[in-house]
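Read through the structure below, which is laid out as structure tokens, and then see the notes.
Numbered from 1 within each chain, the chains take letters A, B, ... in sequence-line order. Note that the structure is predicted; figures quoted are calculated from it, not measured.
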Amino acid sequence: MEANPLNDPLLKGLTAAQQSAVLHVDGPLLILAGPGSGKTRVVTHRIAHLLRTGIGPQRILALTFTNKAADEMRRRIERLAPGKQVWMSTFHRFCAKMLREHARLVGLRENFTIYDTSDSQSALKRTLEAIDFDPGHFTPQQIAHHISWAKNNLIPAAQYQPRPGHPLGAVTAKIYPSYQQTLLTANAVDFDDLLLHVAMLLRENPEVRTMLDARFRYILVDEYQDTNLAQYAIVRALSMDYPNLAVTGDPDQSIYGWRGANLSNILEFEHDYPDVAVVRLEQNYRSTKSILRAAASLIAHNKRRKEKDLFTDNGEGDPVRLTTYVTNREEAGAIAQTIADALRAGTRRPRDFAVFYRVNALSRTFEFAFRDAGIPYQIAGGVEFFQRMEIKDVLAYLRLLNNPSDDEAFLRVVNNPPRGIGKTSIKRLAEYAVPRRQTLLEAARSAGAVDGLAKKAIASIGKFVHLIDTLAHLAMKEIEELMGHVLVESGYKGHLKESETAEDDERLANIEELLTVAREFDEQHPGDGHLEEFLEQVCLVNDTDVLDGEDDQVTLMTLHASKGLEFPVVFLSAVEEGLLPHERSREHPDEVEEERRLFFVGMTRAQDELHLSMARYREFRGQRRLTVPSQFLMELPVSEFERNEAAIRVWTTFPGEDAPHSDKHDGIDHAHDGIDEHAEIDEHGAAGGDDAEDLSFDVASFDAKKPAPPTAASDEPEYREVGQSARGERIFRLTTAAELHAPAGVQSPEPGIAPEVFHQGMVVRHPDYGIGKIMALSGAGQRRVATVAFPTVGQKKFILAASVLRPVKS
DNA sequence: ATTCGCAAAGTTTTT
DNA sequence: CTTTGCGAAT
């Protein structure tokens, strides 16, 4: 080992903190790594360091959450220490391997099938039917989710106890054991079982635990903040005799609490391993100072965290931009326009940009905008290849060959293509199989003995069984060849070819694609008999792994999907109450903290430019809604942002001229609406706000369109005349929903709250401006006036007796 | 066995 | 506005 860091390629260019992590060999290690802090570099260099101290590669295990992360790590290790085969994989893949070795210990056979989410759901529904249980108003999905929760929390079916007074728990208690039996009969596991079985196996078989603990002397866990209790137990069990456990993570980036990730695992790591070495990586190499400052300011509002001092030597950069658009279409259009301009100017390429949103449903507007603007884009997480019907069908044949007990696979293929085995016949088979704890294929073999089966059905079933047996002889062949036989001999391909629809043509193309996947697998796994491996490979893979910087396109994705990535320019859209934080988190403070972390993750993806935006009116689920700015905006240093407020716009016309049209396609060139063309008006019609003095007029943007006739009850925003300027021009502004829904002249749908309720420093909510803080109060009684600071629009004055301000409980 | 129509519900989703 | 699931109808 080299002593001088300057000459050591593994230490060169690293900070003292990073070096200490790289050089750490024995004992527990906690690396608290802020966003963009060079974590992957530290981790890979540390593994390379372990290797060169003479530790065998087979003694090292690195666990990640995604295939992508594992692949990236493997790639970098290969560069640092060529030829060393360190075991790097996802938790689930690792557990699948362990479980194959010890399947018998949990009542499985080593050729078990891994059910994906839809297989599991279908198995659950089948179980409900089989035990003839009516879950009342609970959906199978809710029950599945709750079973998943139990598994993530290390509660096996036998130990599940419903909490008193919890109806869903009571229902789950009835179904969970039966569902497990269904899986066991099918020699199958769901995703959660992979972890649960291994955790239980380690707990109940000390000799196995001891052996594996000794086998994996050096364990490394990435994204430790996202581990759930089962993963925690597994890691813990493997690090008792050899507690050389290194975990990396950032409590501030934990965004999978809703899936059972337990933030306590990382927060309490020092408690679990008292002699832990803690390394904090707080220097950020990714973002500008202004971006980092904003992100740090936001996350500081979380309670459950470890204080971190993020800093960077990078430049100050452009200020973070916060823009309020009138509608989501304008938001998307303006973002597309901004990108198009940069592309035209040649300063950026498409792959430099990313657009984030909280929910997938918001992607649509962007798709249209990008298509219109002719900007190449890709969306993370569309309809996934391996979820397609035809792919699942073909794979189901292979699954059934590998594991004849796989009932889900049987059901999928038994009458596909149609061979005259209808619903009734299948029902009879199931009725025969379930009480005997037989698999459906076993029952099919004794079809003659099954009550109530028609002669024709018995013959068809016999033919199907024969087909499977014939194909089973080929199961040891290479995957591509096997798949070819399946496609032809099952008649699946022929059935698709017969039909002439474009849809089926596409399916055939997808099947060709699957054959290519098989061919590639064969090339990587020379020789026969890798069917099980192939199936495991394809069911533990996610197509978003394919999505990376290969293509030069703008990337559209959810905030969740953005974790671990970085982009020069990030647009973070729809920063609105109900979306960020999401509606469903409102009740629980913990969940609001997770939403804040989600926002933090999104912001810290940006290298050079961060653009936050919101729309005053958002079309969502077919409805146009007035939005409220996100409460998180209050926690950002908005005073140093570049703010563009386009929400409440003032148009003026000279006497005799027409007012602007309120239709969205009104001919007004919104793309050119800038801050200096508009000013704000408070609800009393008086100019106010920071920019009031700069009120300027935009006569040029009017065309000859007629103003919309005032309609009584409409959700459409419209332009209303609100007064005259000193020069006699008519002033219009876009109405707010509060006005639209209230009779004219009435400001508030409900009477004002007694003015004396308000006090300085109180947090209040305004229907248009969102959440703000009372900065000052003056006057008394009916004339009492509050000065309120809002994150998006600055300070506003309100006569309390008449205003729609409401105190916010906090 | 497919197709049609209507009702209901619609965070996020590494595996 | 979608997508999805179920039941009825061809």
Side-chain angles (χ1 to χ4, degrees), chain A residues 63-72 89-96 114-122 125 137 139-142 145 148 151-152 189-196 222-223 225-228 230-231 253-261 328 356-365 368 380-381 383-384 386-387 415-425 495 499 501 536-545 547 557-565 574 578-586 591 594-595 597-599 601-602 618-625:
Chain A
L63 294 172
T64 63
F65 278 82
T66 63
N67 292 304
K68 201 167 161 187
D71 291 345
E72 171 68 9
S89 79
T90 63
F91 264 101
H92 287 81
R93 216 173 268 280
F94 170 76
C95 288
I114 302 167
Y115 279 181
D116 69 15
T117 317
S118 66
D119 295 323
S120 315
Q121 287 233 359
S122 148
K125 280 186 199 158
H137 61 282
T139 64
Q141 245 178 47
Q142 287 174 294
H145 187 263
S148 172
K151 288 180 174 180
N152 286 159
V189 298
D190 61 25
F191 283 145
D192 301 315
D193 279 339
L194 286 172
L195 305 175
L196 179 68
D222 197 22
E223 307 279 16
Q225 77 280 353
D226 288 334
T227 50
N228 61 33
Q231 287 158 331
Q253 293 184 64
S254 163
I255 54 175
Y256 286 103
W258 51 276
R259 267 174 59 161
N328 51 320
F356 301 157
Y357 33 79
R358 178 62 234 270
V359 298
N360 275 315
L362 298 181
S363 70
R364 187 168 297 268
T365 323
F368 288 127
V383 179
E384 297 181 8
F386 288 103
Q387 304 279 56
N415 199 35
N416 186 0
R419 36 175 86 87
I421 307 172
K423 251 195 293 221
T424 320
S425 305
H495 182 71
S499 113
T501 65
E536 185 173 310
Q537 174 93 9
V538 296
C539 84
L540 292 181
V541 78
N542 183 283
D543 322 59
T544 50
D545 296 345
L547 183 109
M557 65 176 100
T558 64
L559 284 166
H560 282 90
S562 77
K563 195 165 85 161
L565 306 176
L579 282 167
L580 189 67
H582 193 274
E583 187 113 48
R584 302 268 274 252
S585 70
R586 251 215 271 275
E591 291 177 24
E594 182 153 312
E595 297 287 310
R597 291 193 291 268
L598 193 52
F599 196 178
V601 164
R618 184 162 299 276
E619 277 172 41
F620 194 54
R621 290 191 197 160
Q623 296 203 62
R624 185 196 303 271
R625 281 236 168 91

* **Interatomic distance at P, dT12(B) relative to dG5(C), whole Å** => 16 Å
* To do: Using whole Å, report how far CD of E619(A) lies from C1' of dT2(C).
  => 14 Å
* Structure fact -> Of C539(A) and P418(A), the one whose nearest nucleotide on DNA chain B sits closer to the 5' end is P418(A)
* Which whole-number value in Å describes the distance from N416(A) CG to dT2(B) C1'? -> 13 Å
* Asked: Can you tell me how far C1' of dT3(C) sits from CD of Q141(A), to the nearest Å?
  -> 12 Å
* **Euclidean distance for C1', dC6(C) against dT11(B) (whole angstrom)** => 25 Å
* **Closest contact, heavy atoms only, H582(A) versus S585(A)** => O-OG, 2.6 Å
* Asked: Choosing from dT2(C), dT15(B), dT14(B), which nucleotide comes nearest the side chain of F65(A)?
  -> dT14(B)
* Asked: Where the side chain of D192(A) meets the backbone of N152(A), is there a donor-acceptor pair that is under 3.5 Å apart?
  -> no
* Is the backbone of L540(A) close enough, under 3.5 Å, to the side chain of N67(A) for a donor and an acceptor to pair up by distance? -> yes
* Touch check for D226(A), heavy atoms < 4.0 angstrom, all strands: base, sugar-phosphate only, or nothing? -> base
* Asked: Any idea which of dT3(C), dT15(B), dT14(B) is nearest the H92(A) side chain?
  -> dT15(B)
* Please name the pair of heavy atoms, one in L559(A) and one in F356(A), separated by the smallest distance, quoted to 0.1 Å. => CD2-CB, 3.7 Å
* Asked: Considering only heavy atoms from C-beta outward, does the side chain of Q537(A) approach that of R93(A) to under 4.5 Å?
  -> yes
* Structure fact -> D116(A) atom CG is separated from dT14(B) atom P, nearest whole Å, by 12 Å
* When the distance from NZ of K125(A) to P of dG5(C) is rounded to whole Å, what number comes out? -> 6 Å
* For atom CD of E72(A) and atom P of dT14(B), their distance in whole Å -> 18 Å
* Structure fact -> Hits for salt bridge (charged side-chain N to carboxylate O under 4.0 Å, His left out) against R358(A), two or more places apart or cross-chain, chain-then-number order -> E595(A)
* Can you give one letter per nucleotide of nucleotides 5-13 of chain B, 5' to 3': B if a protein heavy atom sits under 4.0 Å from the base, S if only from the sugar-phosphate, - if neither? -> -----BBBB
* To do: Could you tell me whether Q142(A) atom CD has more than 12 heavy atoms of other residues or ligands within 6.0 Å of it?
  => yes
* Asked: N67(A) has an atom CG; how far is it from atom P of dT14(B), in whole Å?
  -> 11 Å
